[in-house]
There are 2 protein chains.
Amino acid sequence: MKRDSRLSGVLHVLLHMAQQPGPFTSETLAKAMDTNPVVIRRIMAGLRELGYVRSEKGHGGGWRLACDLSKVTLRDVYAALGSPSLLAMGNRTESPGCLVEQAVNAALDQAFHDAEALLLSRLGEVTLAMLGEDLRKRLGSRKIHDISAHRA
Amino acid sequence: MKRDSRLSGVLHVLLHMAQQPGPFTSETLAKAMDTNPVVIRRIMAGLRELGYVRSEKGHGGGWRLACDLSKVTLRDVYAALGSPSLLAMGNRTESPGCLVEQAVNAALDQAFHDAEALLLSRLGEVTLAMLGEDLRKRLGSRKIHDISAHRA
DNA sequence: CATCATGTAACATACAAAGTTACATGAAAC
DNA sequence: GTTTCATGTAACTTTGTATGTTACATGATG
């Protein structure tokens, strides 16, 4: 797999859930995302632990939102995934004895750190509610999107 | 392999080369980097094509710097590697039909793009000569580092 | 108790970087 | 000219991680 798409995926799920009351089974969500129910449960596990969503077993069970969408940022969601590494590049050796490599690492670390900080900052500026608002604009006059129609 | 370390690696090689006249065989460089000669040739190929280094076969052959170190930035070196992706994360689907996913992508793309731009900008601010200068400071009063002593 | 849905372990697949082997090409030394 | 050295490159192996899949235990509902 080329790149980590868990953040993209879990946001997709959350935004879908925000459009309808729920609950949603992992299977329903998986169909909408064209993936496997276990994958859904996996990426949702961290959000459940942080209380952003709740899950229930048995008949009528499934996933429900359990947070104020205007208080949860994309950065929070990212953190709920376990804060996977943001950059595809890194240093060859983290604590090299070679002074040459230390000089290289210092220069790269600075650039890497700045980029990571900016990305986290940007993610922290966007709430799930804002995403929902943007979606509403995109939907325009259309009827609220039904997740069950997603399969088309 | 966890993360792409080619940029880190090739910079390490270039900085080593800047400390001594050369030429350097792939094998010598590989030993200094604790890796394989073919890996060296691979990461150096792009730099050769752009004229940053030259290579010669046969006796007395090997790699030599062929550029003004004060004119080549880390961003140039990155480009010579083929501009591999900088971010470890990406969108699930690049051109989704689903409006929900479009909204998610739009938000993430913005953040991703900003972070990539900043990283490239930072890399563009640092020249190989500046790296060499930093290294000189780290070396302090010490004798110029001999690459053959690297194996220690 | 049968059914539904999550929770999770275990295994399979896909992909890219890094490491390795093998050999062709060309240059210098003898 | 032949040997030796060094690059150039293809092909294959190894490794790490995300993703996909199967199987089954757990618990809730009807």
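Numbered from 1 within each chain, the chains take letters A, B, ... in sequence-line order. It should be emphasised that the depicted structure is a prediction, and the values quoted were computed from it without experimental measurement.
Separating the CG atom of A:Leu29 from the P atom of C:dG7 is a distance of 12 Å, rounded to the nearest angstrom. Protein atom CD1 of A:Ile40 is 13 Å distant from nucleotide atom P of C:dG7, rounded to whole Å. Summarising the geometry, the separation between CE on B:Met89 and C1' on C:dA16 is reported as 18 Å, rounded to the nearest angstrom. Residue B:Glu27 contributes atom CD, which lies 16 Å from atom P of D:dT4 at whole-angstrom precision.
Nearest nucleotide to the A:Lys57 side chain, out of D:dG20, D:dA28, C:dT21: D:dA28. If you check D:dG30, D:dT7, C:dT6 against the side chain of A:His59, the one that comes closest is D:dG30. For B:Val38, the side-chain atoms get nearest to D:dT9 when compared with the rest of D:dT9, D:dG30, C:dG7. Comparing C:dA5, C:dT8, D:dT21 by their closest approach to the side chain of A:Val39 singles out D:dT21. In this structure, of C:dT6, D:dT21, C:dA22, it is C:dT6 that holds the atom nearest to the side chain of A:Ser55.
Neither OP1 nor OP2 of C:dC4 sits under 4.0 Å from any side-chain N or O of A:Thr25. At least one side-chain nitrogen or oxygen of A:Ser5 sits closer than 4.0 Å to the OP1 or OP2 atom of D:dT19. Listed pair A:Thr35 / D:dG20 meets the phosphate criterion, a side-chain N or O lying under 4.0 Å from OP1 or OP2. A sub-4.0 Å separation between OP1 or OP2 of D:dT21 and a side-chain N or O of A:Arg41 is absent.
Residue B:Pro37 is the one, among B:Pro37 and A:Gly58, whose nearest nucleotide of DNA chain D lies closer to the 5' end (criterion: closest heavy atom). Judged by closest nucleotide on DNA chain C, A:Gly60 is the one of A:Ala45 and A:Gly60 placed further toward the 5' end.
Residues A:Ser5 and A:Ser8 have side chains that never bring a donor and an acceptor to within less than 3.5 angstrom of each other.
In this structure, B:Glu94 and B:Asn105 approach most closely via the heavy-atom pair O-ND2, 3.8 Å.
A:Leu118 and A:Val126 are members of different hydrophobic clusters when ILVMFWY side chains are connected at heavy-atom separations under 4.5 Å.
Of the candidates B:Arg138, B:Arg136, B:Lys137, B:Asp134 forms a salt bridge (charged side-chain N to carboxylate O under 4.0 Å, His left out) with just one, namely B:Arg138.
Between the side chain of B:Arg42 and the base of D:dG8, no donor-acceptor pair under 3.5 Å is found.
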